[in-house]
Amino acid sequence: MESKRLLDDNYIKINHISSKCMRIFIVLVLALWGFSCISRECNFYVVTVAMAVCCIISFMPTIIIDFLKHDSSNSIKYILIALAVLNCTIMNAILSHMALAVWIFPMLVASLYYNKTLVLYSSLLSIIGVLGANIFNFVFNIYTVPSIYDEIYVNLIFSAFPCVLTIFLLSFVSYFIISRNSIMLNNTIEHAGEVKTNQKELVYAFAELSESKSKSTGEHIKRVAEYMRVLGLASGFDEEYVDMLSTAAMMHDIGKLMISEDILNKPGKLTDEEFAIMKSHVLYGDALLENCPGQILQMARTIAKEHHEKWDGTGYLGMKGEEIAYISRLIAVCDVFDALTSTRYYKKGWTLEEAYNEIISLSGKHFDPKVIKLFIQNFDKFKEIANKQPDKKIY
């Protein structure tokens, strides 16, 4: 199932690759046209018209997929194979034995889609095309490159049958390649899943450690992660990316591991010097995660570095507006909302409505106005998360 999902996600890319292959096929068409003209075995006007039609057919996928952007339809792959077979049929009908090698092309295109059914579809169409091309070539041989054999049944046996046999063999080879690669793909996906799981476990461990050091409960990071999930989905990201984003959000305060507990847990107001040290936790977070492999940890690095940045440029590092990564603009709202509503040993938590009004008032100053719109639209979900996961214990 995972390999199917992965291939479905790359379906549009494969359509564009197939479209490019069809454009490359035009070069072969022109080469065979030139060769037929030099050999003078065929009527020049007939072969020129036929090859022009083949070029037009070869360019049709580019118009449909690249220009008109009809690149996500499930029927596109069947149309591409049918056009490739039609091209080969025309070339084989006009050029006879000179164009037998072109029948490899439809099978190559079918193999791009990693689909056994499509390989069978391509094989059946190609066999019909071979038989039709040979019959046409034999009947209208005054306009085409003449077939080698004088009798139609002999031509079918010694010209068409070897081509059909080759198509069958190519089908079996394609089946074998697809099956073999499917096993390799599933092994790769399984390994990637293990790596992703390991990254998540590492994130959970470090996130809990950073929260315990600052005497906050682990519910804070869980709530922030859920808030990020809400805003991530509202932003239009897919489920897999949102899952990684939610996990990475737990690491936003990882840099606090490098800050003294005396400063982290000071009940009173921090001095200017202490506050300068506190602000450095974003740089520590960036440094700690700089060389960590994996997409989740690199997302966590961005969030750890930029979660205190403000839309108007007055944040810890002075980043402003679009300079701040979008995911960091999301975490800013989530982190501040949870900080305002959470009770700590040094402060009482605000009500959800008070925190809501405060965050709305800071739109365009502290927060990206676009993110605030998403926050407003999904505030009921924020309230639900806050009520379901209250802090368990305050030290």
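Keep in mind the model is a prediction, meaning the values are calculated, not measured. The first residue in the sequence is number 1, and the count goes up from there.
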With the 4.5 Å side-chain cut-off for hydrophobic clustering, are [X] and [Y] part of the same group?
| X | Y | result |
| --- | --- | --- |
| Y326 | L362 | yes |
| L283 | L257 | yes |
| L95 | V139 | yes |
| I56 | I90 | no |
| F140 | I142 | yes |

Quick check against the 3.5 Å criterion: does [X] have a side-chain atom that pairs as donor or acceptor with the backbone of [Y]?
| X | Y | result |
| --- | --- | --- |
| N378 | L374 | yes |
| N43 | V46 | yes |
| N115 | L118 | yes |
| D238 | Y241 | yes |
| K320 | E323 | no |
| E309 | R329 | no |
| D243 | E239 | no |
| N15 | D71 | yes |
| S73 | S75 | yes |
| N387 | K383 | yes |

Which atom pair, heavy atoms only, marks the closest approach of [X] to [Y]?
| X | Y | result |
| --- | --- | --- |
| S122 | A110 | CB-CB, 3.8 Å |
| L340 | A355 | CB-CB, 4.0 Å |
| Y227 | A386 | OH-CB, 3.4 Å |
| G364 | W311 | O-CD1, 3.4 Å |
| S246 | A225 | OG-O, 2.9 Å |
| L32 | M98 | CD2-O, 3.8 Å |

**OP:** I would like to know whether T302 and M299 meet side-chain contact (heavy atoms from CB on, under 4.5 Å); could you show each step before the answer?
**Re:** CA-CA 5 Å; T302 299; M299 290 168 68; 5.8 Å; no
Can a donor-acceptor pair be found between the side chains of [X] and [Y] at a distance below 3.5 Å?
| X | Y | result |
| --- | --- | --- |
| S18 | Y113 | yes |
| H366 | D312 | no |
| S342 | R223 | yes |
| W103 | T166 | no |

Subject >> Spacing of CE belonging to M228 relative to OG belonging to S235, to within rounding of 0.5 Å >> reply: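 Answer rounded to 0.5 Å: 8.5 Å.
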Original post:
Between atom CG of D335 and atom OG of S328, what is the distance when rounded to the nearest 0.5 Å?
Top reply: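 So the gap between those two atoms works out to 11.5 Å.
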Is any side-chain heavy atom of [X] less than 4.5 Å from a side-chain heavy atom of [Y]?
| X | Y | result |
| --- | --- | --- |
| M251 | I303 | no |
| C88 | F25 | yes |
| N134 | N92 | yes |
| N87 | V102 | no |
| K305 | L317 | yes |
| H97 | V145 | yes |
| L83 | P61 | yes |
| C21 | L112 | yes |

Subject >> I57 vs L86, side-chain contact (heavy atoms from CB on, under 4.5 Å): CA-CA, chis, key distance, verdict >> reply: CA-CA 8 Å; I57 292 173; L86 180 58; 3.6 Å; yes
Original post:
Between H281 and H307, is the ring centre distance below 6.0 Å?
Top reply: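 H281 vs H307: aromatic centres under 6.0 Å.
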**OP:** On the 0 to 90° scale, with breaks at 30° and 60°, tag the F382-F337 ring pair as parallel, tilted or perpendicular.
**Re:**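 Ring orientation, 0 to 90° scale: perpendicular.
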Original post:
Under the side-chain contact (heavy atoms from CB on, under 4.5 Å) criterion, do K310 and K365 qualify, and how do the steps go?
Top reply: CA-CA 7 Å; K310 297 182 180 180; K365 301 174 184 176; over 6 Å; no
**OP:** Check the pair E226, K222 against salt bridge (Lys or Arg N to Asp or Glu O under 4.0 Å), reporting the backbone distance first and the verdict last.
**Re:** CA-CA 6 Å; E226 289 304 309; K222 294 176 183 176; over 6 Å; no
**OP:** Can you tell me which residue pairs pass the side-chain hydrogen bond (donor to acceptor under 3.5 Å, both in side chains) test with a partner in residues 354-363, sequence neighbours excluded?
**Re:**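 For residues 354-363, and leaving out neighbouring residues, the side-chain hydrogen bond (donor to acceptor under 3.5 Å, both in side chains) pairs sorted by first residue read T351-E354.
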Subject >> Linked hydrophobic residues, L30 as query - side chain contacts closer than 4.5 Å >> reply: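 Besides L30, the cluster holds I26, F59, I63, F67, L68.
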Original post:
Looking at D368, L330, I360, which hits side chain to side chain contact (heavy atoms under 4.5 Å, CB included) with F375?
Top reply: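 The option that passes is I360.
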Original post:
Where do S280 and I259 land on the side-chain contact (heavy atoms from CB on, under 4.5 Å) test, with the steps shown first?
Top reply: CA-CA 8 Å; S280 67; I259 304 298; 3.7 Å; yes
**OP:** Dump the intermediate steps for ring pair (Phe, Tyr, Trp, His ring centres under 6.0 Å) on H252 and H220, then the final yes or no.
**Re:** CA-CA 11 Å; H252 64 281; H220 167 67; 5.3 Å; yes
